[in-house]
Amino acid sequence: MKSLVLLLAVLTAAAMWRAGQAPWTPTPPETPLAVSQLLDDDASPLESRPGVKGRERVLVVGHRLRYTFDLDLRTHTEHQTGARESLHTGWSGLLELTYLGAEGEQHLFSGRFVPTRMVVDAGEAPPPGDAALRALRGKFERPVYVGQDVRGRIVAVHFDAAQDAAARRLVRLLLASTQFVAEEGARWSTEEPDSRGDLEAVYRAGGSANTYVKTKRRYLRAGSAVLPRLQAHLDFTLFADGHVREATGSEVVELGGGGTELPRIREETRVALTNVGVDYRLSSLRPFEATRATLRSERLTELAGVEGARANGHMERPSLLLGDELERVLDGARDAGVRNAAALSMGTLAKALEVPEPGRSQVLVEGLLRRCRMGTLEPEVCLDALARAGAPAGLAYVRSSLAHPEVAVRGAATEALRSIPGAAVDALLDQVMLDDPSSRVRALAVKAVSQRVAGAHLEALARVLRAERSERVRIEVVRLLGHLRTVEPPTVALLRDVAANDGSANVRALAASLLDE
């Protein structure tokens, strides 16, 4: 009973972590400084070494990439009264990204921002003065730390306490606009974050070596009740080692309007990032570790800090204690229900610590996996906990569970795949949809696909429609195709074929109704 009370206290404390964020207030411009004035000379040259094509980059501690950037955001608002408002905010400057090393499953970079231009045009508002740009530049005297996964997806951004909402917004917009998430092949789809939510992007190889085109297609999840509408096109050139050399492009996001009774907002973003130097400097994770307790740690998609209390130094100690207490409950509680609850809480905690403490997050996941392999926890509990953690480190265990003789275990493994990123998971979900002997598990695979980037699964979904005997599974596929019909043109032809030829009247009727919407 004592352990159960402790566990409930732990869960209550974990639920209170999130904090709010102040609104953004625009600030103003100054004459740009010359690039040569702002790039230092304390570095030695480093040639880019050939990298591995696909998702692997060459990562060398101390490798520093220097860029100039231009970023412009134009916001147009149409109110239901007919009034219109426009706001143009623009920034230019210098960005340096230095690789510091790996912690947990993240690769950490130190980012140095030096703004050289800032424009705020709000119509009737007076033009800003030079002091505003100097103030913004002062907010970046200390670095921003950026955490990426192995594919380049931005997992976390760690801000200094001096970097207010305006400074953080600039960083999030620039990082989201120039993010390159790699997979194998000449064309691939990814799920990746930006400042509003998680979106689907499609990459394809360009016409010359190391060039790629990225198209942002739709939001999968966002903070608003109605998903924003999205169109974006960006051109990338990579170094041979897999790092971004140049990026240019634009995107349009629309919110509200229509029948939502909200003002129609159209945001147009244009970005240009150009590499101006590659060198090497002595670096390590030590500066990040030394200032960790004072940093404000955020996901790219969040408007509020993931750990708002962290800026006051209150987050690190409780997080360590929470993990330690959960491990003690796992190893010491006699009641299986208490141990299971602790395992699920550990998975949730590992996900929460993915941003502020990736190393500790990895330790918790590895502890879960060790107990799962030893048989301390039941397979379904293990899979649920790993699903909550969403860590790639759990993929091997989840994959092995797909061959378990019990349907319930294979179903739990299929649901766990939904929260683990990467193309390897997409291939496994296709395999489950087509080959698992249980129609229940096959239907769960379709549901998992519906919550991920679905473009990579169209061929498998078409095969399911042709070969699947279960009406239940075909209905799940048709529902998924209905959601995709506006972004994936081939889905319309599939729905028409189903409406005309499927052996089930229920499936035909559903397909026809979706075509009529």
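FYI, side chains are in, hydrogens and waters are out, and symmetry mates aren't considered; it's all heavy atoms of this structure.
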Basic-acidic side-chain contact under 4.0 Å: Arg296, Asp164: no
Can you check side-chain contact (heavy atoms from CB on, under 4.5 Å) on Glu96 and Leu65, steps first, answer last? CA-CA 6 Å; Glu96 297 179 352; Leu65 296 152; over 6 Å; no
Looking at Val365 and Ala393, what are the two nearest heavy atoms and their distance? CG1-CB, 4.2 Å
Would you call the rings of Phe236 and Phe180 parallel, tilted or perpendicular, where under 30° means parallel and over 60° means perpendicular? perpendicular
Do any side-chain atoms of residues 269-278 form donor-acceptor pairs under 3.5 angstrom with protein atoms, and if so which ones, sequence neighbours left out?
{"unit_1": "Asn275", "atom_1": "OD1", "unit_2": "Gly277", "atom_2": "N", "d": "3.1"}
{"unit_1": "Asn275", "atom_1": "ND2", "unit_2": "Arg66", "atom_2": "O", "d": "3.1"}
{"unit_1": "Asn275", "atom_1": "ND2", "unit_2": "Gly277", "atom_2": "O", "d": "3.4"}

Evaluate the criterion side-chain contact (heavy atoms from CB on, under 4.5 Å) for residue pair Leu199 and Asp194; output intermediate values, then yes/no. CA-CA 7 Å; Leu199 59 90; Asp194 72 0; 3.4 Å; yes
Minimum side-chain heavy-atom gap Leu417-Leu395 below 4.5 Å: yes
pair Leu326-Leu349: side-chain heavy atoms closer than 4.5 Å: yes
Would a 4.5 Å heavy-atom cut-off, applied to side chains only, mark Tyr99 and Val60 as touching? no
Any donor and acceptor pair, going by atom type alone, linking the side chain of Ser450 with main-chain N or O of Ala448 inside 3.5 Å? no
Looking only at atom types and distance, does a side-chain atom of Glu105 sit under 3.5 Å from a main-chain N or O of Val150, one as donor and one as acceptor? no
Is the closest basic N to carboxylate O distance between Arg57 and Asp241 below 4.0 Å? no
Start with the C-alpha distance between Arg218 and Leu484, add both sets of side-chain angles, then the distance that settles side-chain contact (heavy atoms from CB on, under 4.5 Å), and finish with yes or no. CA-CA 10 Å; Arg218 64 183 179 117; Leu484 297 175; 3.3 Å; yes
Taking every heavy atom of Leu234 against every heavy atom of Ser177, the minimum-distance pair comes out as CD2-O, 3.1 Å
Is it the case that over 12 heavy atoms from other parts of the model lie below 6.0 angstrom from the CZ atom of Arg221? yes
Closer than 3.5 angstrom, by distance alone: can the side chain of Thr215 be matched with the main-chain N or O of Arg217 as a donor-acceptor pair? no
Pairwise distance OG(Ser189) to CD(Glu183) - rounded to 0.5 angstrom: 9.5 Å
Can you tell me if CZ on Arg388 sees more than 12 non-hydrogen neighbours from other groups inside 6.0 Å? yes
Main-chain N/O of Gly197 paired with Thr301 side-chain donor or acceptor, under 3.5 Å: no
Please confirm whether the backbone N or O of Ala182 pairs with a side-chain atom of Arg153, one donor and one acceptor, at under 3.5 Å? no
Step by step, work out the side chain to side chain donor-acceptor pair (under 3.5 Å) result for Asp426 and His457. CA-CA 7 Å; Asp426 292 330; His457 301 278; 3.2 Å; yes
Can you measure from CH2 (Trp91) to CG (Leu133) and round to the nearest 0.5 angstrom? 12.5 Å
Has Arg204 got a side-chain atom pairing as donor or acceptor with Val213's backbone, closer than 3.5 angstrom? no
How about Glu289: does its CD atom have over 12 heavy atoms from other parts shown lying under 6.0 Å from it? yes
In terms of the angle between their ring planes, are His243 and Phe109 parallel, tilted or perpendicular, with boundaries placed at 30° and 60°? perpendicular
Is the backbone N or O of Val252 less than 3.5 Å from a side-chain atom of Arg266, with the two atoms forming a donor-acceptor pair by type? no
State the OG-NE2 distance between Ser250 and His233, to the nearest 0.5 angstrom. 8.0 Å
Stepwise, does the side chain to side chain donor-acceptor pair (under 3.5 Å) test hold for Arg117 with Ser92? CA-CA 5 Å; Arg117 172 188 70 100; Ser92 297; 2.6 Å; yes
Just by modelled atom types, is the Thr291 backbone N or O under 3.5 Å from a matching donor or acceptor in the Thr294 side chain? yes
Main-chain N/O of Gly256 paired to Arg229 side chain as donor or acceptor, under 3.5 Å: yes
Minimum heavy-atom distance between Gly101 and Leu285, given as atom pair plus value: O-CD2, 4.1 Å
Heavy atoms from other residues, nucleotides or ligands near NE2 of His79 exceed 12 (cutoff 6.0 Å): yes
Using 4.0 Å as the upper bound for N to carboxylate O, is an ion pair formed by Lys216 and Glu251? yes
Mind checking whether Leu173 and Val171 have side chains closer than 4.5 Å, heavy atoms only? no
Salt-bridge contact Glu141-Lys139 (side-chain N to carboxylate O under 4.0 Å): no
Is the distance from the ring center of Phe159 to that of Tyr145 below 6.0 Å? no
Thr98 and Arg281: CA distance, side-chain angles, deciding distance, side-chain contact (heavy atoms from CB on, under 4.5 Å) verdict: CA-CA 8 Å; Thr98 305; Arg281 65 184 309 172; 4.2 Å; yes
Between His158 and Pro356, which heavy-atom pair has the shortest distance, and what is it? CE1-CA, 4.1 Å
With a 4.0 Å cut-off on N to O distance, would you call Arg151 and Glu184 a salt bridge? no
Is the side chain of Gln163 donor-acceptor paired with the backbone N or O of Asp160 at a distance under 3.5 Å, no angle test? yes
Salt bridge Glu103-Arg292, side-chain N to carboxylate O under 4.0 Å: yes
Please check if the number of heavy atoms outside Arg142 that lie under 6.0 Å from its CZ is greater than 12. no
Gap separating the CG atom of Leu175 from the CD1 atom of Ile154, nearest 0.5 angstrom: 4.5 Å
Can you confirm whether Glu357 sits close enough to Ser297 that some side-chain heavy atom of one is under 4.5 Å from a side-chain heavy atom of the other? no
Residues that Arg264 engages under side-chain contact (heavy atoms from CB on, under 4.5 Å), provided they are two or more places apart: Glu78, Glu254
If you measure only the distance, is there a donor-acceptor pair under 3.5 Å linking the side chains of His88 and Asp72? yes
Go through it in stages, so that I can follow the logic: the residues are Arg360 and Asp324, the test is salt bridge (charged side-chain N to carboxylate O under 4.0 Å, His left out), and I'd like the CA-CA distance, side-chain angles, deciding distance and then a yes or no. CA-CA 11 Å; Arg360 180 59 174 157; Asp324 292 344; 2.9 Å; yes
Looking at His63 versus Tyr280, is the centre-to-centre ring distance below 6.0 Å? no
Whether Glu354 and Lys351 form a salt bridge (side-chain N of Lys/Arg under 4.0 Å from carboxylate O of Asp/Glu) is what I want to check. yes
Rounded at 0.5 Å granularity, tell me how far CG in Asp235 sits from OG1 in Thr248. 4.5 Å
Salt bridge check: are Glu298 and Arg172 linked by an N-O gap of less than 4.0 Å? yes
To the nearest 0.5 Å, atom OH of Tyr67 lies from atom CD of Glu246 at 10.0 Å
Looking at side-chain heavy atoms only, is the closest gap between Leu220 and Glu191 below 4.5 Å? yes
Tyr212 and Val244, any side-chain heavy atoms less than 4.5 Å apart: no
Is there a side-chain contact between Leu238 and Arg245 in this structure, where contact means two heavy atoms from C-beta onward sitting under 4.5 Å apart? no
